[in-house]
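FYI, side chains are in, hydrogens and waters are out, and symmetry mates aren't considered; it's all heavy atoms of this structure. Because the structure is predicted, anything quoted here is derived from the model rather than measured. Labels below follow one simple rule: chain letters A, B, ... track the order of the sequence lines, proteins then strands, and each chain is numbered from 1.
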Amino acid sequence: MSDALKYSLADFFYNDSKNVLDPPSDFEEWMSDPSVRVGFSFYEQKLLAAPRSSTEILSNVDGKKRRVINLMSYNYLGLSTHPEVIEAAIEGLRKYGLGASGAPLLSGTYDLHVEFARQLAAFKGKEDCILYSSGLGGNVGAIQGILRKGDVFIMDEKCHKSLVDGCTLSGAKMLFFNHNNMQNLDDLLAKNKGKRILVAVEGVYSMDGDLVKLPEVVEVCERYPNTAIYIDEAHSTLMFGKNGKGVAEHFNLEDKVGISFGTLSKSFGGVGGFICSNAPIIRYLKGYSSPFHFSCAPSPVVIAGLIKALEVATRDSSLRDKLWENTKYFKERLDGMHLDLGGTESQVIPIIIGASGEMLYSMAASMQTRGLFLQPVDFPAVPAEARRFRISMSAQLTKAEMDEALNIIEDVVARGMREAGLLKT
Amino acid sequence: MTRDEVIAVIKKNILDNLEDLEESSIDPEKSMKDLGANSLDIIEVVSCSMRELNLKIPRTELADVKTIGQLADKFMEQIGK
Ligand SMILES: Cc1ncc(COP(=O)(O)O)c(C=O)c1O
């Protein structure tokens with residue numbers, strides 16, 4: 001294939017092959033192109049140790065085991081590897097075994113699940129909470145469980161795929177407004193006035209690290225009756241707001257949010273998802289939300305660890321304070337290198353390098369060889385002209401780790417972009 | 001194949017994929033978004049049209065396309081090759 005690097009996964013979705021077991025013929029050709037293989041070699045690299053701020057990987061770049069500073073893992077507060085969390089999970093394992101061995105309605109609900117759901121509802125200031133085995137399942141399940149054909153789901157164009165999939169399953173009409181563009185949202189609401197409408201936003205947008213303009217969203221939505229707000233706080237729960245409740249608390253608008261979603265896989269350091277809302281709609285969801293109804297309940301081991309994680313993260317503000325201190329330190333130094341950090345306002349920091357896929361992958365390889373685990377994020381996950389590295393800050397990072405990571409970014413990314421004439425200064 | 005024929009293929013796919021549209025309301029100077037399409041609808045229309053015209057243009061090269069007419073122009077460039 002001549003211009004293989006111009007193609008992406010966005011180009012092979014449709015399959016005209018005769019047999020469903022055969023991928024499209026040009027997909028095979030594309031995947032075997034050497035330049036494409038280099039790109040794909042970055043994916044599914046093996047971590048050989050816990051997702052701490054320093055860890056070990058088996059590199060696909062050169063096949064070697066390597067100690068790396070980890071700017072990838074969503075272990076924002078270090079809870080996945082917190083000693084108290086690990087102890088609690090071990091105790092949970094001893095008492096309950098590995099799995100729940102049942103769907104929640106019949107035999108998968110343990111005292112731990114009920115207790116944790118109660119704690120999460122109280123934490124989010126809502127009446128009730130439903131747990132899911134994955135964050136994706138929570139979003140899919142909430143939207144599919146609540147919306148029906150004839151309803152309208154309006155979401156920010158940067159919202160997560162799980163919301164799209166949930167809407168597809170529900171049969172509701174799916175509309176997107178331009179990112180954080182209130183005029184556009186208002187137009188869509190006006191066109192659908194009178195229908196049952198759910199508007200979805202994210203607290204922190206996952207590829208850009210910027211925040212929802214929640215006060216404006218609330219103001220616009222309040223002009224239209226029967227328009228509810230759904231907020232996905234995957235990247236903000238336990239970190240934003242005075243008590244760490246999320247971006248809705250940060251803006252002091254918790255009571256304006258109808259449904260609050262969170263994942264248990266990021267700041268919480270475990271796996272799973274949850275929805276908090278009023279008690280009647282949670283009860284209704286339990287009857288109609290397939291990922292809840294027709295799937296085994298979350299592992300009691302994980303829930304035991306998560307109960308401790310919630311306690312550790314909320315008994316004082318030390319972990320989130322440390323995260324914000326690290327984020328400030330790191331961001332100031334990246335700014336000093338004149339890198340394009342998009343509009344980040346959070347612990348998710350993109351370094352946007354531009355349109356060149358070749359440059360993206362060669363920089364990723366150089367950084368990894370130098371001991372920094374910072375993966376390339378390519379089209380179609382992000383726009384083709386804004387390929388990037390995406391940093392997840394962590395409260396676990398030490399100053400020495402941050403300084404070494406910054407050195408590597410300076411040497412590889414800032415210098416590379418300067419030499420290519422792509423830096424502002 | 002003429003530009004008008006290409007536009008006819010795109011129009012047909014828009015009508016197949018979007019609800020409540022009259023053929024006469026599809027103006028090539030408009031964007032599909034103006035006609036109420038969401039990003040998934042647009043992918044569907046573009047993919048179906050390319051299949052029908054036996055074209056393959058990388059999605060990265062269609063990023064700056066705004067209107068239906070501009071999409072037809074991109075298709076024409078490829079047909080001319
Ligand atoms: C905004 C957003 N929502 C939902 C999810 C899904 O969460 P999980 O990975 O825990 O399934 C993610 C992460 O992948 C996300 O970034």
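At least one donor-acceptor pair under 3.5 Å links the side chain of A:D340 to the backbone N or O of A:G342.
Electrostatic pairing of B:R3 and B:D73 counts as a salt bridge here, judged by a charged N lying under 4.0 Å from a carboxylate O. A salt bridge links A:D208 with A:R388: the closest approach of a Lys/Arg side-chain nitrogen to an acidic carboxylate oxygen falls below 4.0 angstrom. A salt bridge between A:D11 and B:K56 is absent, with no side-chain N of the basic residue lying under 4.0 Å from a carboxylate O of the acidic one.
Using cut-offs of 30° and 60° on the angle between ring planes, the pair A:F27 and A:W30 is tilted. The aromatic rings of A:Y205 and A:H179 lie perpendicular to each other, with more than 60° between the two planes, well past the 30° mark.
Within the 4.5 angstrom heavy-atom criterion, only side-chain atoms of B:K33, from C-beta onward, approach chain A.
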> Can you list the steps and then say if A:F153 with A:I143 is a side-chain contact (heavy atoms from CB on, under 4.5 Å)?
Replying inline: CA-CA 9 Å; A:F153 187 48; A:I143 303 305; 3.7 Å; yes
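The most heavy-atom pairs under 4.5 Å with chain A, out of B:E19, B:M50, B:E44, come from B:E44.
Within residues 61-69 of chain B, the residues having any heavy atom less than 4.5 Å from a heavy atom of chain A are, in residue-number order, B:E61.
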